[in-house]
Amino acid sequence: MSQDLWTKVDDYINGVAVGTDAALEAASAAAAAAQLPPISVTPAHGKLLHLLVRAQGAKRILEVGTLAGYSTIWLARAVPPGGRVITLEANPMHADIARANIERAGLTGRIELRLGDALATLPKLAAEKQPPFDFTFIDADRTNLAEYFDWAVRLSHPGSVIIVDNVVRKGSVIDASSDDPNVKGVRRFNDRLTADTRVTATMVQTVSAKGYDGFAMALVL
Ligand code: SAH
Ligand code: DHB
Ligand code: MG
């Protein structure tokens, strides 16, 4: 079992489940050309988000961490007419590339990109009395993961779904003595998740072209 095999199988799965997709491929190419980190969700994981949104009938989506808008495009394509994705991004360069990718995908009318630190934007969304979000994808820095999740729950309603990316991090999540701020951030989130009576949750390990990782899924009660 090796990264080489995981990548080959990932390529195969992406071919079976997604195939060619001009807007998504253009978004990936623009991200690569701008030398953004290659950390967008994989095609198959993007489609998983898309299918979860459709299966749930979610109309209002919140995303924390836009990067080049690759996952944002998958999410926005899943909402019905009148649906909306609000996506939060701190890096202006990432936001510019995402806006161009979203425009090229014909989704500008459905997506609202809020530039700024999500730790500041999330309380603003609450203060604005935004209608609750049906579905949230958290995929930004891990140090503040527990806070992002707490806001996501507060901005949800019973029945909302929250997906949190990168909660396994090559297995390092089980290292209680790790000094890595990302690992500490994920562990702090996981510890709180167990005790959080507002949700019921699980975690799924994944392997892909991006390595060994996993995501958490929470249902708001
Ligand atoms: N969801 C994207 C990938 C996001 S990568 C996809 O799958 O296509 C993580 C992004 O979170 C980066 O663009 C980074 O700039 C952003 N980010 C990091 N810290 C942040 C913060 N505090 N507030 C908002 N965005 C942040
Ligand atoms: C990293 C971030 C991600 O969101 C991801 O899916 C994979 C890796 C990272 O920062 O290393
Ligand atoms: Mg991620």
Side-chain angles (χ1 to χ4, degrees), residues 3 6 10 14 18 21 23-32 34-50 52-53 61-78 85-102 105 107 111-125 135-152 162-173 180-183 185-186 189 203-217:
Q3 181 60 60
W6 300 342
D10 202 6
N14 292 331
V18 180
D21 186 306
L24 289 169
E25 283 158 27
S28 296
Q35 298 190 316
L36 263 50
I39 56 175
S40 303
V41 291
T42 66
H45 289 175
K47 189 156 184 187
L48 174 63
L49 295 173
H50 174 93
L52 287 170
V53 167
I61 318 267
L62 174 64
E63 178 177 62
V64 185
T66 316
L67 191 64
Y70 185 88
S71 53
T72 322
I73 290 170
W74 273 115
L75 293 166
R77 283 176 173 179
V85 179
I86 298 186
T87 184
L88 316 186
E89 175 54 55
N91 183 315
M93 209 253 282
H94 297 181
D96 284 347
I97 290 160
R99 282 198 195 91
N101 285 335
I102 289 163
L107 292 166
I111 299 171
E112 184 181 333
L113 195 159
R114 300 261 187 124
L115 181 62
D117 186 338
L119 266 187
T121 312
L122 289 163
K124 266 186 219 154
L125 294 176
F135 186 97
T136 298
F137 180 48
I138 300 178
D139 190 22
D141 63 300
R142 315 301 139 194
T143 45
N144 297 310
L145 191 49
E147 285 71 31
Y148 299 151
F149 185 78
D150 184 55
W151 279 111
I162 303 171
I163 303 284
V164 182
D165 200 16
N166 312 115
V167 295
V168 174
R169 302 199 64 94
K170 301 187 185 355
S172 58
V173 68
D180 181 335
N182 292 313
V183 174
V186 173
F189 160 70
M203 287 184 186
V204 177
Q205 303 186 67
T206 59
V207 291
S208 73
K210 287 168 64 187
Y212 169 36
D213 213 321
F215 61 88
M217 175 174 181

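Start at 1 and go down the list; that is how both ligands and their atoms are numbered. On a predicted model such as this, the values are computed, not experimentally measured, just so you know. All heavy atoms count here, side chains included; hydrogens, waters and symmetry mates do not. The first residue in the sequence is number 1, and the count goes up from there.
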Just verifying a value: how many Å separate [X] [atom1] and [Y] [atom2], rounded to the nearest 0.5 Å?
| X | Y | atom1 | atom2 | value |
| --- | --- | --- | --- | --- |
| Trp74 | His45 | CH2 | NE2 | 12.0 Å |
| Thr72 | Ile111 | OG1 | CD1 | 6.0 Å |
| Ile163 | Ser71 | CD1 | OG | 12.0 Å |

Classify the contact between [X] and ligand 2 as side chain, backbone, both or neither, using a heavy-atom distance cut-off of under 4.0 Å.
| X | value |
| --- | --- |
| Asp213 | neither |
| Asn166 | side chain |
| His45 | neither |

Within less than 4.0 angstrom of ligand 1, does [X] place any heavy atom?
| X | answer |
| --- | --- |
| Trp74 | no |
| His45 | no |
| Leu119 | no |
| Gly116 | yes |

If only atom types and distance count, is the side chain of Gln3 paired as donor or acceptor with the main-chain N or O of Ser208 below 3.5 Å? yes

Is Asn144 close to ligand 1, meaning an N/O of one under 3.5 Å from an N/O of the other? no

With heavy atoms and a 4.0 Å threshold, my read on which part of Glu89 contacts ligand 1 is both

Applying a heavy-atom cut-off of 4.0 Å, say which part of Thr72 lies close to ligand 1: side chain, backbone, both or neither. neither

Going by the order shown, which atoms of ligand 1 are within less than 4.0 Å of some heavy atom of Asn91? 15 (O)

Give the residue and atom name of whichever protein heavy atom lies nearest to [atom], and the separation in Å to one decimal.
| atom | answer |
| --- | --- |
| atom 11 (O) of ligand 2 | Arg169 NH2, 3.8 Å |
| atom 1 (C) of ligand 2 | Ile39 CG2, 3.6 Å |
| atom 2 (C) of ligand 2 | Arg142 NH2, 3.4 Å |

Give every protein N, O or S atom lying under 2.8 Å from the Mg ion (ligand 3), naming each by residue and atom. Asp139 OD1, Asp165 OD2, Asn166 OD1

Name all pairs fulfilling the salt bridge (charged side-chain N to carboxylate O under 4.0 Å, His left out) condition that reach into residues 65-75, sequence neighbours left out, sorted by first residue then second. none

